[in-house]
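Accompanying notes for the structure given below.
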Amino acid sequence: GENVEQHPSTLSVQEGDSAVIKCTYSDSASNYFPWYKQELGKRPQLIIDIRSNVGEKKDQRIAVTLNKTAKHFSLHITETQPEDSAVYFCAASTEGGSQGNLIFGKGTKLSVKP
Amino acid sequence: SAVISQKPSRDICQRGTSLTIQCQVDSQVTMMFWYRQQPGQSLTLIATANQGSEATYESGFVIDKFPISRPNLTFSTLTVSNMSPEDSSIYLCSVELRESYEQYFGPGTRLTVT
């Protein structure tokens with residue numbers, strides 16, 4: 001089955017710097033890759049997603065890139081702010097979202113220091 | 001997105017008892033899921049709640065331990081049966097939107113078994 005590896009497990013940056021989180025997946029049939037942000041004590045929130053027919057997607061300070069050949073995708077946060085501090089999870093779906101069987105990475109704890 | 005509620009938000013239960021968690025969404029959705037998130041860890045899919053048929057369980061989860069109901073397109077329940085301290089965790093339901101395949105999470109139920 002699908003396996004998703006996520007790195008790094010922790011990331012500390014200064015406010016205003018960029019942060020990059022990387023994930024790799026094993027199943028070449030995966031074609032849907034969402035990213036979730038989870039603040040302490042709260043539910044995971046979908047922040048951005050990408051499908052395999054697209055190489056990059058951007059939403060304000062957040063961007064996601066996908067390399068299907070290498071089977072990895074990355075989350076880029078620019079101009080980080082203290083409120084970006086949270087745990088970020090990547091996920092992959094082997095069913096393109098129609099069956100919703102998301103496999104999650106282990107998460108990255110991002111700390112943004114003011 | 002969708003408005004998802006769960007009840008109860010938290011509970012403390014005794015070993016050997018059972019707890020039923022309810023998940024309600026404000027619109028009809030095809031796919032509903034139940035996840036478990038142990039403290040400081042990632043999300044693990046327990047099962048897909050199928051409307052009108054038996055739930056589909058992931059490896060390591062069985063119906064006798066985690067019976068699931070899905071009587072209609074807006075509601076599902078998860079029961080944690082014969083609980084032990086190892087079942088202490090956060091249980092989250094999620095729904096997949098038909099139009100976008102985006103998956104959204106409920107607020108979670110924090111379960112402590114003593």
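Just so it is clear, the model here is predicted, and its values are computed rather than measured. A note on names: the letters A, B, ... follow the listed sequences, proteins ahead of strands, and every chain is numbered from 1.
- Of the listed residues G41(A), P44(A), P34(A), the one with more heavy-atom pairs under 4.5 angstrom with chain B than any other is P44(A).
- With 3.5 Å as the limit, one finds a donor-acceptor pair spanning the side chains of T79(B) and T20(B).
- Using a 4.5 Å cut-off between heavy atoms, E102(B) touches chain A through backbone and side chain atoms alike.
- Within residues 70-83 of chain A, no residue has any heavy atom less than 4.5 Å from a heavy atom of chain B.
- Residues L73(B) and F75(B) fail the side-chain proximity criterion, which asks for heavy atoms closer than 4.5 Å.
- Around the NZ atom of K57(A), the shell of radius 6.0 Å holds more than 12 heavy atoms that belong to other residues, nucleotides or ligands.
- Of the inter-residue distances, the one linking I90(B) atom CD1 with S9(B) atom OG reads 11.0 Å to the nearest 0.5 angstrom.
- Taking 4.5 Å as the heavy-atom cut-off, none of the residues of residues 7-16 of chain A approach chain B.
- Taking CZ of F61(B) as the start and CG of L45(B) as the end, the distance is 8.0 Å to the nearest 0.5 Å.
- Considering only heavy-atom pairs separated by less than 4.5 Å from chain A, the leading option among G108(B), G40(B), P107(B) is P107(B).
- With a 4.5 angstrom heavy-atom cutoff, Q45(A) does not touch chain B via any of its atoms.
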Can you check side chain to side chain donor-acceptor pair (under 3.5 Å) on T109(B) and Q6(B), steps first, answer last?
CA-CA 7 Å; T109(B) 296; Q6(B) 278 185 240; 3.1 Å; yes

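- No side-chain donor-acceptor contact under 3.5 Å links E56(A) and T65(A).
- Here the CG-CD1 distance, from N31(A) to I50(A), works out to 12.0 Å after rounding to the nearest 0.5 Å.
- Judged by distance alone, the side chains of S30(A) and E2(A) do bring a donor and an acceptor atom under 3.5 Å apart.
- The aromatic rings of F89(A) and F104(A) sit perpendicular, their planes meeting at an angle over 60°, well past the 30° parallel limit.
- Shown are Y91(B), F33(B), Y35(B); of these, the ring-ring contact (aromatic ring centres under 6.0 Å, His included) with F105(B) is made only by Y35(B).
- Residue S76(B) holds its OG atom at 6.5 Å from CZ of R70(B), rounded to the nearest 0.5 Å.
- Looking at L92(B), only its side chain comes within 4.5 Å of chain A, counting heavy atoms on both sides.
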